[in-house]
There are 2 protein chains.
Amino acid sequence: MATLKDVAALAGVSVKTVSNVVNGYAFVKPENRSRVEQALAATGYRPNLGARNLRRGRTGFLALVLPELVVPYFAELANLVLGAAQEHEWNVLIEQTRGTRDGERDTLAALGPHMIDAAIVSPEALEGRDFGELAPGIPVVLLGEHHVDVPFDHVGIDNVAAAREAVAHLVSLGRTRIAAIGAHPHRGTAAQRLTGYRLALAEAGLPVRDELVATALNYHRRDGAEAMARLLASPEPPDAVFCFNDLLAVGAVRAAAERGVRVPDDLAVVGFDNTEEGAYSLPSLTTVAPDKAAIAHAAVDLLRRRVDDTERPPEHVRTPFTLRVRESTGDA
Amino acid sequence: MATLKDVAALAGVSVKTVSNVVNGYAFVKPENRSRVEQALAATGYRPNLGARNLRRGRTGFLALVLPELVVPYFAELANLVLGAAQEHEWNVLIEQTRGTRDGERDTLAALGPHMIDAAIVSPEALEGRDFGELAPGIPVVLLGEHHVDVPFDHVGIDNVAAAREAVAHLVSLGRTRIAAIGAHPHRGTAAQRLTGYRLALAEAGLPVRDELVATALNYHRRDGAEAMARLLASPEPPDAVFCFNDLLAVGAVRAAAERGVRVPDDLAVVGFDNTEEGAYSLPSLTTVAPDKAAIAHAAVDLLRRRVDDTERPPEHVRTPFTLRVRESTGDA
DNA sequence: ATGAAAGCGCTAACAC
DNA sequence: GTGTTAGCGCTTTCAT
């Protein structure tokens, strides 16, 4: 693999001149420029990014730290972050934490100090104080909700309002025994969505019954199916359910079908995330649709500005959402 | 950010000693070791991986080059590769090419020479000769089928046999007008699966009708739905369909349902990939299940051995598959 | 406009 | 066992 020095020798100039050409510096004597370009082509020179980074002090890498890639919401988000980062000439390092605190810690600890310029983190288990020690000095933007007041930029939708709207929709259908699936002891977003759920019930004058709120420690299809099965087995089963993500909703629909419960006739189902899977499922899912592209762009833009100015006070960006009504709540 | 030199100064030893401690070298005087460890803790020292890599000549990074993360098969595979790579202390750089030849080229050209030790590539548009110029010298393992005979390691299932078994299953159900969705002008795997499809029909004494073979330029749900809609609109619609991936199958099922065609009664559907989505859809999908964990492990292992010995002749690993029969072909 | 040379942080060969 | 030092490939003063 040819180095700058090799190219310089071949072109009969100094490394400085080659470096100037490679980096698009304007003032190079035309003759030298063309000789360098020839030498570049002849050697098939490729800059060693590691060496360049070492010298420049930045890496051109952005970490995207997510719980799980197999959750479609995160795959879709990753896709959008990749696009947004490209506009800023950032490469994205996708890291998976499996939703564990250790996974989140280790990832940041390993990459934080020197391999990445900044990080977008969708925390699931990490707490506020954890962040201080990790990745010291590197800009971090947090996705989703978090209980603690950490000094980082943050982007997310108004989960309380979103959940409230979703449940209000169920209420407007005349449903009275509305369940929720996805309560979680530590997840900030789960707490917010539960709050929205309760708010909507209260506004409708409906009682909030604990036995209608199902906890889900993971947000996979299986967890939705299991929770739904339990709810349906109860003496007074629900006539509607609000699931905290589309995967849970898909599982819930499946569990209902297996028990001969018809969706939406016997049970109306609302999901969250607006994944493509939900648009094609049978019945298609009514769901809260966060503007994922807006989230991805906001996160990357925030990071870009943060890199340029470390001292700015933390910013909190609220991205929009809409409720997409589909077959699972009785659309024709 | 503290450097090795800072730590050495604080501990009152040389950088060599600190480096020895950091890298777990055994022969360090206990007293020095403890002093270094203290200094390490006090400064919060983190090695600069870029600098280390520059010196060592390797990076500890593995590239996983895939068409699209939003295709569940690839997300699931990425997840497994991440796990397999961890066992070899490799970090994985997930790169998305969007299935374009330029995307595949650019990715390898940018990262190839210096940022990664090796790459796992699932090519969709790249041709054999492209690889020579790219990532010269870095080990590459190819996933899936490819027409051209390139000098790289390769892992994949026997797509002809898999498709044949899937279609034979449809034949065994008594279906006679068996369609295929997913033909593609350039994709190697598509060609293989089409061959298997034709083979199975021929073996059953069934005619191969061109009008029952639908091309899909992408393998998304939408493409499956569109292809199915066309097939169902024909004068003699199929009574079964073999889709080249689960996403196409999901789309096909949806299109059928929208036209009042019952699955599996009127139309039996088989997918490919055994994604979790297919296991929960209504009806659940019969599908070809490649052993994805085996693929991920084989790919990483191949790379490990290739890094140690560049001269070995290219190896081709065939991983197993099974047919998972579910509701979409009439399971009870 | 270009060359010479220092140095980013680290590892490893070589001394002691 | 540990210190000294060269050098990985690059960018960037500082001269000229």
Side-chain angles (χ1 to χ4, degrees), chain A residues 1-37 39-40 43-61 89 110-117 136-138, chain B residues 1-37 39-40 43-61 89 110-117 136-138:
Chain A
M1 193 84 266
T3 72
L4 221 44
K5 210 199 284 186
D6 299 331
V7 178
L10 184 60
V13 298
S14 78
V15 291
K16 177 66 171 29
T17 304
V18 180
S19 176
N20 282 341
V21 172
V22 170
N23 292 296
Y25 182 65
F27 306 101
V28 176
K29 205 192 295 179
E31 189 202 321
N32 280 343
R33 178 180 295 277
S34 72
R35 294 179 58 171
V36 169
E37 276 163 355
L40 248 19
T43 53
Y45 172 80
R46 313 260 84 208
N48 182 324
L49 301 182
R52 173 179 290 175
N53 296 339
L54 177 58
R55 189 56 236 238
R56 286 193 180 157
R58 31 188 202 78
T59 66
F61 279 102
E89 300 192 309
L111 268 34
H114 302 290
M115 283 305 295
I116 56 178
D117 296 339
I138 85 140
Chain B
M1 193 82 270
T3 72
L4 221 44
K5 212 199 281 187
D6 300 330
V7 178
L10 184 60
V13 297
S14 77
V15 291
K16 178 67 178 12
T17 303
V18 180
S19 176
N20 282 341
V21 172
V22 170
N23 292 293
Y25 184 64
F27 306 102
V28 177
K29 206 193 292 180
E31 189 203 319
N32 280 343
R33 176 180 297 277
S34 71
R35 296 178 57 167
V36 169
E37 276 162 355
L40 249 18
T43 53
Y45 172 80
R46 312 259 84 209
N48 182 324
L49 301 182
R52 175 180 287 175
N53 296 339
L54 177 58
R55 186 58 236 234
R56 284 195 180 154
R58 35 190 199 77
T59 66
F61 279 103
E89 300 192 309
L111 267 35
H114 302 289
M115 283 305 294
I116 57 177
D117 295 339
I138 84 137

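In this text the structure is predicted, and so the values were computed from the model without any measurement.
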> Are B:D117 and B:T59 linked by a side-chain donor-acceptor pair shorter than 3.5 Å?
Replying inline: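 Side chains of B:D117 and B:T59: pair found under 3.5 Å.
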> Is a side-chain donor-acceptor pair under 3.5 Å present for B:T43 with B:D6?
Replying inline: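 No, no side-chain donor-acceptor contact under 3.5 Å.
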Distance in angstrom units between [X] [atom1] and [N] [atom2], rounded:
X      : N      : atom1 : atom2 : result
B:Y25  : D:dG1  : OH    : P     : 8 Å
B:K29  : C:dC16 : NZ    : C1'   : 14 Å
A:M115 : C:dG9  : CE    : P     : 15 Å

> Quick one: is C:dG3 close enough that its OP1 or OP2 comes under 4.0 Å of any side-chain N or O from A:T17?
Replying inline: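 True: A:T17 side-chain N/O within range (under 4.0 Å) of C:dG3 OP1/OP2.
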> Just by modelled atom types, is the B:V28 backbone N or O under 3.5 Å from a matching donor or acceptor in the B:N32 side chain?
Replying inline: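 Looks like no, no N/O pair under 3.5 Å.
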> Nucleotide by nucleotide, 5' to 3', does protein get under 4.0 Å of the base (B), only the sugar-phosphate (S), or neither (-) in nucleotides 6-12 of chain D, counting heavy atoms?
Replying inline: BBBBBBB
> Can you find a pair of side-chain heavy atoms, one from B:N48 and one from B:T3, that are under 4.5 Å apart?
Replying inline: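 No; the side chains remain at least 4.5 Å from each other.
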> Do the side chains of A:L10 and A:K5 get nearer than 4.5 Å, heavy atoms only?
Replying inline: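 They are not in side-chain contact.
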>> On a heavy-atom basis, which atom in A:V13 and which in A:V36 lie closest, and how many Å separate them?
In response: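 Closest pair (atom of A:V13, atom of A:V36, distance): CG2-CG2, 3.9 Å.
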>> Under 4.0 Å, heavy atoms only, any strand: does B:N32 hit a base, just the sugar-phosphate, or nothing?
In response: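 Counting heavy atoms under 4.0 Å across all strands, the contact made by B:N32 is with sugar-phosphate only.
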